[in-house]
Amino acid sequence: MTLNLYNTLTRSKEPFEPLEPGKVQMYYCGVTVYDYCHLGHARACIVWDAVRRYLQWRGYDVRFVQNFTDIDDKILNRAREENSSMEEVAERYIQAYFEDMKRLNVKDADEYPRATHTLDGIKRLIHDLENKGFAYPAEGDVYYAVRKFPEYGKLSGRKLEDLQAGASGRVEVEEEDTKKQDPFDFALWKGAKEGEPAWESNWGSGRPGWHIECSAMVRDRLGETIDIHAGGADLIFPHHENEIAQSEAVTGKPLATFWLHNGMVTVNGEKMSKSLGNFITIRELLERQTDPMAMRLFVLTAQYRKPIDFSEDAIAGATNGWNTLKEGLLFCYQHGSKLGWTEADLTNPTKVEPVETEVNQASEPKPESNKSVWQETLIQILQPFLKLPQAYGETVKQYKELVFLTIAVALGGVSLKFASEVLKIASSVPFLPPIFEIIGIGITGRYLFKTSTREMLVQQVRSLIQTVDSKINASEEIVSEAATQEQEVVNEEAENYITPNYVERFQTALDDDFNFAEGLAVLFEIAKHLRKEGNLLVHQGKTETNPEILKQQWYTLVGLAQILGLEAQPDEDNTNANGLTDAEIEALVEQRQEARNAKDFAEADRIRDELEAQGIIVSDGKAGGKTRWHRS
Ligand SMILES: Nc1ncnc2c1ncn2[C@@H]1O[C@H](COP(=O)(O)OP(=O)(O)OP(=O)(O)O)[C@@H](O)[C@H]1O
Ligand SMILES: [Zn+2]
């Protein structure tokens, strides 16, 4: 299966191939830190977080670098307004950024370079541009000569002539326009102004322009050409166009092979933006009790390149959706014990692996097999049987037993080493016939096949399996003729398990230019199925689907949801099978404290006993100190 991504540079979907097989170098243009992040920023961060998680799940070793723009006019203005410094404002909002992203379950980047930490790299790049004739100094500033770079406009598809026509209507002439040789040139370095932070350089003291910061950070942290350069669609022009002009003029190599852009969060069709004042911050949404996972869902239900309009209704819809998914994700905590699932089942879920991909093969070369051809052949023959779902009930039980008898027969004619190999496979399958039976048949087999060559044995096994197959077909025909209600259930179970190959469908969706919405549809399907089964369990005392299959489905749901960063905490659920939630304990501890304050020691002791019965130990601090608790 191939991952196909829409590349803004070529305006088409292309198969994704990193420069170095199995490794992805990715850069995302992060936030300018002068205020709290709004829902638009949240979208960008969530989308690239999900992309990164997906690439990692697909087997790529991803190096993810995201910058903080901490030198900028907007930060300076903010600092002036509040009479503080650019550094102080930047630091505060960087910390706020981390708090917000943690709550949204956005993973930390591998590195967070800042403009203020990259000044050497920035100056070096400007020098290189100057030496190659792409940059010129002008009264303390340094500008990029756009017309020197013939490919200017290749990312955005804008031509300088068109831009010129558009720009001619501009009335305002900015101060720096008078220093430029051409109105389209842009500043790489800006001479120091009174009262502004400045850094020394060969062109006098000053500060870098915004575009050069990213070019320098990519070059310093990742190299000359990276695999994915990501950011919001609002950055295509001029920011990313200028990054390309700067970096490629110096290196003569492409800055990135894939340019990916997320669509905007809009409000009544207009970009949500601090400057327009039509924004809602992540904090405000969280304060209104919007579940951070519902925010993730709001973002991921749209195609990532298209705009999504923010409205209260849209958030309410996402919240409903999250409640359904959450119920599925917490299924085991609510119903697991009734289905005989153990603690170990929950703590060691089966990992959801992607279906075979070129990446897997490229990054993890398979170890040289030391099995003989004969062993390989037998294992190959057995594979489909091992995968057969239990959903076929009795039939499959018989089927598997027959297969194992067959193995046992084969065992008779082969070495001990091979026998242990087959037993290992056999042990992964339930319904193993009694071991003595195997041994017995094995001995018979040994006698029968003593004189056979291995090739003959393989033939023998094949024909035995064919017999088994025809028996199964026959038994299925009989079942289908019977057309009983029971049979319908069996079929439905088999279908539930086999037809929707959840992982493959999820992967197919995301391989198609990260179609998160389609991927989510698979998650909803599993969650709804689990909900139905949970209801049956509560009302009728049993599920339609075999609990083993339900467990696999639950693992699949949890594993796939995690790729999208969607996780539910069992403690959130009041019906937590593992006892009281932290919040409930806190509430009881508080009640007990109130009882003690009111000198109602009988009540205080009762609460302590109640907590202890649940395995919670409370210890009171010294005179008036805080009461602490822990799980025993
Ligand atoms: N409304 C939005 N929807 C989606 N992504 C956005 C939105 N606004 C900003 N982004 C993205 O978030 C990242 C950080 O943006 P940045 O800090 O430069 O914000 P900005 O565009 O200056 O925001 P604002 O216009 O609100 O000041 C960029 O990749 C940008 O494309
Ligand atoms: Zn950038």
Side-chain angles (χ1 to χ4, degrees), residues 105 291 293-294 297 319-352 389-393 396-397 430-431 485-486 488-503 505-506 519-585 613-616 631:
N105 204 19
D291 194 305
M293 293 297 115
L297 210 55
T319 304
N320 280 341
W322 170 241
N323 287 336
T324 304
L325 268 189
K326 188 165 90 177
E327 212 182 316
L329 292 168
L330 297 176
F331 180 86
C332 70
Y333 297 97
Q334 238 172 340
H335 306 292
S337 58
K338 279 169 257 152
L339 293 169
W341 301 357
T342 64
E343 193 71 29
D345 286 335
L346 310 187
T347 46
N348 291 315
T350 314
K351 239 180 119 206
V352 180
Q390 293 167 32
Y392 282 117
V396 84
K397 188 174 165 185
F431 308 124
Q485 212 184 349
E486 206 177 331
E488 275 167 27
V489 174
V490 171
N491 283 352
E492 198 191 316
E493 275 190 27
E495 212 173 284
N496 279 337
Y497 188 69
I498 300 159
T499 329
N501 190 341
Y502 298 125
V503 179
R505 278 172 53 205
F506 178 87
L520 280 168
V522 176
L523 301 197
F524 277 109
E525 196 176 307
I526 310 178
K528 284 182 181 162
H529 174 65
L530 290 177
R531 178 163 68 192
K532 187 184 100 188
E533 294 285 356
N535 285 340
L536 284 176
L537 188 64
V538 170
H539 299 297
Q540 293 174 18
K542 67 177 180 112
T543 56
E544 266 180 10
T545 311
N546 181 319
E548 261 315 297
I549 294 173
L550 283 179
K551 190 160 70 189
Q552 294 307 326
Q553 290 178 341
W554 179 70
Y555 285 159
T556 309
L557 176 64
V558 172
L560 295 182
Q562 211 161 36
I563 300 166
L564 302 180
L566 294 165
E567 289 170 34
Q569 298 309 324
D571 281 351
E572 284 173 22
D573 193 355
N574 289 332
T575 54
N576 181 7
N578 292 336
L580 296 171
T581 64
D582 286 3
E584 287 166 336
I585 298 168
Q614 301 270 355
I616 313 298
R631 291 190 164 84

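FYI, side chains are in, hydrogens and waters are out, and symmetry mates aren't considered; it's all heavy atoms of this structure. Sequence positions, counted from 1, serve as the residue numbers for this chain.
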Taking all atoms of both residues into account, what is the closest heavy-atom pair of Glu567 and Gln562, and its distance? OE2-CG, 3.5 Å
Where do Lys551 and Leu339 land on the side-chain contact (heavy atoms from CB on, under 4.5 Å) test, with the steps shown first? CA-CA 9 Å; Lys551 190 160 70 189; Leu339 293 169; over 6 Å; no
How many angstroms lie between atom CG of Leu557 and atom NE2 of His529, to the nearest 0.5 angstrom? 11.0 Å
Are any non-hydrogen side-chain atoms of Leu564 and Leu523 less than 4.5 angstrom apart? yes
Which value, rounded to the nearest 0.5 Å, describes the distance between Lys338 atom NZ and Lys542 atom NZ? 16.0 Å
Calculate, to the nearest 0.5 Å, the distance between atoms CD1 and OH belonging to Ile526 and Tyr502 respectively. 5.5 Å
Decide yes or no for Phe331 and Leu537: does some side-chain heavy atom of the first lie under 4.5 Å from some side-chain heavy atom of the second? no
Atom of Thr556, atom of Val352 and distance for their closest heavy-atom approach: CA-CG2, 3.7 Å
Roughly how far, to the nearest 0.5 Å, is the CG atom of Leu297 from the CZ atom of Phe524? 5.0 Å
Start with the C-alpha gap between Leu329 and Trp322, add the side-chain angles, then the distance that decides, and say whether side-chain contact (heavy atoms from CB on, under 4.5 Å) holds. CA-CA 10 Å; Leu329 292 168; Trp322 170 241; 3.7 Å; yes
Side-chain contact, heavy-atom cut-off 4.5 Å: Gln553 with Glu533? no
Kindly say whether Gln569 contributes a backbone atom to a donor-acceptor pair with the side chain of Tyr333 at under 3.5 angstrom? no
Would you indicate whether the side-chain heavy atoms of Thr350 and Gln552 approach each other to under 4.5 Å? yes
Between SG on residue Cys332 and CG on residue Leu550, distance to nearest 0.5 Å: 12.0 Å
Spacing of NZ belonging to Lys532 relative to OG1 belonging to Thr543, to within rounding of 0.5 Å: 10.5 Å
